[in-house]
Amino acid sequence: MAAPMIESTFKSFMCPIKELRLDKTLACGQSFRWKENIPGTWVGVLAGRVWKLKQNENEIFYATHGNFMQQPTKIEKRPPTKKHRKLSKKGTTEKMTRTVEEKHIWCENLGNECDNELNILSDYLQLSVKLQDLYAQWSHKDPNFREKSENFQGVRMLRQHPVENLFSFICSSNNHISRISSMVEKLCENYGEKITEIDGQAYFAFPSISSLAGEGVEEKLRQLGFGYRAKYISSSAHYLSENGGEDFLFSLREKPYEEAKQQLMKLNGVGAKVADCVCLMSMDKAGAIPVDTHVADCVCLMSMDKAGAIPVDTHVWQIASRDYIPKLKQSKSLTDNLYKEIGDHFRSLWGPYAGWAHSVLFTADLKKFKRESPDTDSKIKEKAKKKKVK
DNA sequence: AACCGACCTAGGAG
DNA sequence: ACTCCTAGGTCGG
């Protein structure tokens with residue numbers, strides 16, 4: 001008595017799978033609330049509702065449940081044209097500017113109300129950014145990207161809510177994706193508003209800043225296993241409560257990258273890396289590059305370049321190794337200076353959307369997406385790691 | 001200014 | 001089942 005899948009509750013829109021891979025995009029560690037409940041069907045909370053998403057080669061299917069909205073969704077703020085003007089002045093080309101500004105087929109039928117499901121989704125998934133064109137440009141400029149991204153098409157940056165994004169990444173320090181996910185879930189269960197229940201499973205919105213700034217939050221979070229991050233969360237929530245709350249965070253979307261980053265780094269528990277994550281993932285700073293252990297590995301890889309070990313035809317490799325070997329020898333740890341230089345290097349390599357490109361390579365580097373037995377690259381990487389430790 | 005070491009602990013690898 | 005170690009860092013000395 002297999003009950004037939006009820007498809008009728010799903011609506012859909014056109015979206016080529018190369019523009020968006022749900023599995024990679026939702027599970028690569030930029031957002032921590034999406035679960036693949038049934039194979040191929042992703043469930044998560046967004047804008048006060050529970051969403052189910054799935055896809056085939058050409059379409060995205062979506063359904064929502066519940067609607068807990070304290071206030072109108074803030075999704076309407078982005079003026080696409082401003083950013084694109086910036087792009088064009090770099091001369092990276094008219095081609096890039098034009099393609100980004102183009103209306104895409106899967107976006108054409110969006111309504112005008114801001115509280116419309118398709119608008120919420122389109123904003124969150126940033127569908128107005130045409131990913132295939134960006135991949136083509138990154139691949140053109142960077143042979144390494146071309147190679148590594150081959151099996152990782154459709155990895156797209158989400159445009160997250162700054163509050164969720166910020167507190168999730170405060171949890172991320174020295175931590176695994178799996179544990180971060182469970183910590184974020186605990187935040188929601190303990191401090192978020194309940195949205196609805198589906199099949200006996202309760203779903204909660206991400207907590208507000210004020211609820212995280214409440215009495216006894218730090219103690220409770222420690223008890224829940226947050227470790228030293230408990231204090232970071234409590235402290236940052238207090239700071240924000242007294243400094244403009246979430247409106248302040250949203251206002252950083254309008255500020256230049258450097259300023260937004262500096263503001264974020266005033267928060268306890270937010271260093272350069274977490275600040276860059278937030279800039280990239282919820283502040284519209286497409287060029288922000290979080291320099292984490294993966295990126296550091298990447299640089300180690302470059303610095304270890306031995307002819308033959310890596311496909312070294314690449315110009316890029318040579319430049320990077322020439323640039324970074326001396327510094328890596330001097331400093332084993334990631335200094336502020338080195339951090340910035342690494343970011344600048346990739347920005348000049350990949351262009352204004354460098355952070356998006358970084359995310360593709362980051363995803364390709366995640367263990368959970370690596371199937372095959374160790375190939376040349378991972379062997380080299382092992383060596384690189386050993387070197388780094390000693 | 002540039003380095004450490006300490007900080008918490010659930011998952012996951014071996 | 002059971003160690004043992006790691007994991008998208010940050011802070012203060």
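So that the names make sense, note that chain A is the first sequence line, chain B the second, and so on, each numbered from 1.
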Nearest-Å distance, [atom1] ([X]) to [atom2] ([N])?
{"X": "A:Lys231", "N": "B:dC7", "atom1": "NZ", "atom2": "C1'", "value": "9 Å"}
{"X": "A:Asn337", "N": "B:dC3", "atom1": "CG", "atom2": "C1'", "value": "14 Å"}
{"X": "A:Ile233", "N": "C:dG9", "atom1": "CD1", "atom2": "P", "value": "16 Å"}
{"X": "A:Lys340", "N": "B:dA2", "atom1": "NZ", "atom2": "C1'", "value": "18 Å"}
{"X": "A:Tyr339", "N": "B:dC3", "atom1": "OH", "atom2": "C1'", "value": "18 Å"}
{"X": "A:Leu221", "N": "B:dC7", "atom1": "CG", "atom2": "C1'", "value": "16 Å"}
{"X": "A:Glu341", "N": "B:dA2", "atom1": "CD", "atom2": "P", "value": "11 Å"}
{"X": "A:Ile289", "N": "C:dG9", "atom1": "CD1", "atom2": "P", "value": "16 Å"}

Atom pairs, protein N/O to nucleotides 9-12 of chain B N/O, distance under 3.5 Å:
{"unit_1": "B:dT9", "atom_1": "O4'", "unit_2": "A:Arg179", "atom_2": "NH2", "d": "3.0"}
{"unit_1": "B:dT9", "atom_1": "O2", "unit_2": "A:Arg179", "atom_2": "NH1", "d": "2.9"}
{"unit_1": "B:dA10", "atom_1": "O4'", "unit_2": "A:Arg179", "atom_2": "NE", "d": "3.4"}

Base, sugar-phosphate alone, or nothing: which one does [X] contact when heavy atoms must sit under 4.0 Å apart?
{"X": "A:Asp336", "value": "nothing"}
{"X": "A:Phe362", "value": "base"}
{"X": "A:Cys28", "value": "base"}

A:Phe169 ring center near A:Phe32 ring center (under 6.0 Å):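 They qualify: ring centres under 6.0 Å apart.
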
Is the gap between the ring centers of A:Phe145 and A:Tyr135 under 6.0 Å?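 Under 6.0 Å, so yes.
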
Can you tell me how far the OG atom of A:Ser122 sits from the CD1 atom of A:Ile60, to the nearest 0.5 Å?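 Answer for the OG-CD1 pair, A:Ser122 versus A:Ile60, is 11.5 Å.
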
Verify side-chain contact (heavy atoms from CB on, under 4.5 Å) between A:Leu166 and A:Ser282, making sure each step is shown before the conclusion. CA-CA 8 Å; A:Leu166 171 66; A:Ser282 63; over 6 Å; no

For the side chain of [X] and the backbone of [Y], is there at least one donor-acceptor N/O pair under 3.5 Å apart?
{"X": "A:Asn116", "Y": "A:Leu118", "answer": "yes"}
{"X": "A:Gln55", "Y": "A:Leu22", "answer": "yes"}
{"X": "A:Glu36", "Y": "A:Asp23", "answer": "no"}

Give a yes/no verdict on a cation-pi contact between A:Lys24 and A:Phe369, requiring under 6.0 Å between NZ or CZ and the six-membered ring centre and an angle within 45° of the axis.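 Pair A:Lys24/A:Phe369 counts as cation-pi.
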
For the side chain of A:Asp292, counting heavy atoms from C-beta on, which of C:dG8, C:dG9, B:dA2 is nearest?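 The closest nucleotide is C:dG8.
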
Please report the closest heavy-atom contact between A:Ser241 and A:Ser210, naming both atoms and the distance.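 A:Ser241 and A:Ser210 have their closest heavy atoms at OG-CA, 4.3 Å.
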
Sticking with atom [atom1], work out how far [N] lies from [M], rounded to a whole angstrom.
{"N": "B:dA10", "M": "C:dC11", "atom1": "P", "result": "23 Å"}
{"N": "C:dT10", "M": "B:dG11", "atom1": "P", "result": "22 Å"}
{"N": "B:dG5", "M": "C:dG8", "atom1": "P", "result": "23 Å"}

Specify whether A:Phe61 and A:Phe10 have parallel, tilted or perpendicular ring planes, treating 30° as the upper limit for parallel and 60° as the lower limit for perpendicular.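 Geometry flag for A:Phe10 against A:Phe61: perpendicular rings.
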
Where does DNA chain C form stems of at least three consecutive Watson-Crick or G-U wobble pairs, each pair having both distances below 3.5 Å?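 Stem segments, range with range: B:3-7 with C:9-13, B:9-14 with C:2-7.
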
Should the side chain of A:Tyr228 and the base of C:dG9 be counted as holding a donor-acceptor pair, with the cut-off at 3.5 Å?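 Side chain to base: pair present.
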
What I'd like to find out is whether the side chain of A:Leu249 reaches to under 4.5 Å of the side chain of A:Met283, using heavy atoms alone.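 In short, these two side chains touch, coming nearer than 4.5 Å.
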
Is there a side-chain contact between A:Leu240 and A:Glu246, using heavy atoms and a 4.5 Å cut-off?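 Result no, sub-4.5 Å side-chain heavy-atom pair not found.
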
Could you run down the sub-3.5 Å N/O contacts of the protein with nucleotides 11-13 of chain C?
{"unit_1": "C:dC11", "atom_1": "OP1", "unit_2": "A:Gly269", "atom_2": "N", "d": "3.0"}

